[in-house]
2 protein chains.
Amino acid sequence: MKSLSHSEENYLKEIFHLSGLTEKRVSTNGLAARLNTKASSITDMLQKLSEKKLVEYVKYKGCFLTEEGERIAIQIIRKHRLWETFLVNKLSFGWEEVHDVAEQLEHIDSTKLIDSLDRFLNYPKFDPHGDPIPDKDGNIVYRKSKIKLIDAAINSRVEIVRVNEDSLALLKFLERHHLTLGTEIDVLEKFPFDDSMSIRIGDQPETNLSKKVTENIGVKFISKL
Amino acid sequence: MKSLSHSEENYLKEIFHLSGLTEKRVSTNGLAARLNTKASSITDMLQKLSEKKLVEYVKYKGCFLTEEGERIAIQIIRKHRLWETFLVNKLSFGWEEVHDVAEQLEHIDSTKLIDSLDRFLNYPKFDPHGDPIPDKDGNIVYRKSKIKLIDAAINSRVEIVRVNEDSLALLKFLERHHLTLGTEIDVLEKFPFDDSMSIRIGDQPETNLSKKVTENIGVKFISKL
DNA sequence: CATTATTTTTAGACATGCCTAAAAATTTAA
DNA sequence: TTAAATTTTTAGGCATGTCTAAAAATAATG
């Protein structure tokens with residue numbers, strides 16, 4: 001198995017993320033946006049990955065991963081999430097500081113290294129943002145009964161089990177407002193005109209969260225209020 | 001400070017190693033041998049590094065590092081050695097297994113990461129092969145009174161304080177013969193015709209070591225026999 | 001010191017991964 | 001359902017880092 005370039009690995013990872021969300025073919029422009037490149041570059045790379053049998057690609061119709069492509073993508077995600085866990089748990093990084101470094105570390109090529117790291121961290125199931133860490137065979141345990149905060153019912157108490165790690169600004173915002181993993185939130189009211197939501201944490205004063213925030217937080221139901 | 005490519009970093013590191021040994025200008029062919037490239041590639045890169053003011057380069061006369069080039073080289077070596085220490089001390093790698101992975105990890109670009117790692121490892125002074133680890137300001141504490149085993153006096157007892165990490169085969173050989181850091185060796189006899197040496201470890205039977213071995217082991221004097 | 005031998009540089013190529021601009025295909029909407 | 005808008009691909013370029021082959025400079029030797 002010849003090893004892939006960092007670029008190729010990034011493409012596979014992003015295709016995996018995008019098709020996970022949409023459950024269908026991934027568009028050229030969609031990828032270009034995530035990878036900060038131009039559509040023409042995407043086309044070039046998809047042709048190359050297609051020749052390598054890592055993606056199924058049909059001109060003008062987008063692409064999806066082959067089994068082998070998905071296997072590789074999952075291993076990259078495994079590395080990314082284990083390194084993030086290492087940075088937070090062992091080196092005391094803040095959860096908003098780990099993403100960029102993990103983007104570099106995820107390309108280090110050594111199965112022994114990553115399996116040793118997994119053991120060293122005691123086989124963590126979730127990374128610092130609450131995302132599941134694939135095991136060495138590529139199995140991913142998704143948290144059942146996880147919904148987005150934006151979809152949580154009014155007058156319910158929920159617990160934060162996941163935050164979207166993509167935006168540094170969001171993570172800083174959440175940190176600042178004590179919206180960390182494990183925090184319990186009471187959903188008080190929703191405002192359809194701007195999709196914002198009023199919540200309360202413990203006995204702190206009520207706050208309003210924008211759609212941008214609530215759609216990027218994963219929660220699980222705890223109880224009715 | 002724009003960041004350098006992996007390739008550029010490797011060039012700086014090797015120039016540092018080579019000029020450390022010879023104390024003078026580094027030749028194109030010398031670099032080519034260490035970097036597994038052709039001389040013409042070296043010339044190209046030296047011209048580039050020269051423009052970036054990281055090396056002093058004169059056509060046909062070889063090169064040496066500028067202050068800035070040396071500063072960068074030392075930081076790469078710091079990263080390499082800290083990662084090796086991490087792999088051995090925390091992830092239980094053997095000393096012969098760490099080199100290739102560290103060659104990858106040394107290019108990860110994050111000052112916070114490497115300084116955190118340094119703290120996590122408790123500011124180690126030497127890596128698993130006995131080489132000194134530069135501190136964050138680039139200071140390197142060379143072990144005074146360290147000589148090569150090949151130069152040790154007959155009828156003296158010495159302690160292994162350093163082994164050359166470059167050869168995987170050598171490291172495996174040393175491991176197999178219990179020639180690890182801290183081991184005390186009695187130097188019994190030298191054979192000028194092939195530069196081999198007879199030694200004894202504790203009360204084990206006497207062994208003969210080739211030049212290839214003794215010139216790649218660093219020792220310090222313990223006592224007369 | 002003149003002539004080989006060696007080292008180093010130049011010249012020209014190639015693969016990767018990206019770009020812009022223009023053409024082609026697809027989708028949207030009047 | 002056909003014209004306009006959007007998406008995607010092609011064509012041609014560019015920088016990086018490497019190579020081979022040939023030329024030039026330096027070093028070694030009789």
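The chains referred to below are lettered A, B, ... by the order of the sequence lines, with proteins before strands, and numbering in each begins at 1. Here the structure is a predicted model, which means the values were calculated and not measured. Because only heavy atoms are used, hydrogens play no part in the values below, and waters and symmetry mates are left out as well, while side chains stay in.
- Using a 4.0 Å cut-off between a side-chain N of Lys or Arg and a carboxylate O of Asp or Glu, A/Lys13 and A/Glu103 qualify as a salt bridge.
- Nucleotide D/dA11 holds its C1' atom 10 Å from the CG atom of A/Asp44, rounded to whole Å.
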Using a 4.0 Å heavy-atom cut-off, write out nucleotides 3-8 of chain C from 5' to 3' as B (base contacted by protein), S (sugar-phosphate only) or - (no contact). ----SB
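- Atom-to-atom, CE of A/Met45 to C1' of D/dT10 comes out at 18 Å; the value is rounded to the nearest Å.
- Within 6.0 Å of atom NZ in A/Lys53, 12 or fewer heavy atoms from other residues, nucleotides or ligands are found, so the atom counts as exposed in its surroundings.
- Atom NZ of B/Lys112 sits in a crowded spot, with more than 12 heavy atoms from other residues, nucleotides or ligands closer than 6.0 Å.
- As rounded to whole Å, 15 Å separates atom C1' of D/dT16 from atom CD of B/Glu9.
- Side-chain nitrogen and oxygen atoms of B/Tyr11 include at least one within less than 4.0 Å of the OP1 or OP2 phosphate oxygen of D/dT18.
- A cation-pi arrangement is absent between A/Arg162 and A/Phe126, since the terminal nitrogen or guanidinium carbon is not both under 6.0 Å from the aromatic centre and inside a 45° cone about the axis.
- At a threshold of 4.0 angstrom between heavy atoms, the contacts of B/Thr37 are confined to the sugar-phosphate backbone, with no base atom among them.
- Base engagement by A/Ser40 is indicated by at least one non-hydrogen atom pair under 4.0 Å involving a base atom.
- Rounded to whole angstrom, the span from the CG atom of B/Asn10 across to the C1' atom of D/dT16 amounts to 15 Å.
- Of the two residues contacting DNA chain C, namely A/Ser5 and B/Ser41, the nearest-nucleotide position lying further toward the 5' end is that of B/Ser41.
- As rounded to whole Å, 15 Å separates atom C1' of C/dA13 from atom NZ of B/Lys38.
- B/His129 and B/Trp95 have parallel rings, their planes meeting at less than 30° on a 0 to 90° scale where 60° marks the start of perpendicular.
- Going from atom CD1 of A/Ile15 over to atom CG of A/Leu49 covers 6.0 Å, rounded to the nearest 0.5 Å.
- Regarding B/Leu35, its CG atom lies at a distance of 19 Å from the P atom of D/dT16, rounded to whole Å.
- For the pair B/His6 NE2 and D/dT18 P, the computed distance is 13 Å after rounding to whole Å.
- Between the CG atom of A/Leu46 and the C1' atom of D/dT9 there is a distance of 11 Å, rounded to whole Å.
- Checking the phosphate oxygens (OP1, OP2) of D/dT10, a side-chain nitrogen or oxygen of A/Gln47 falls inside 4.0 Å.
- Cation-pi geometry between B/Lys90 and B/Phe120 is satisfied (NZ or CZ under 6.0 Å from the ring centre, within 45° of the ring normal).
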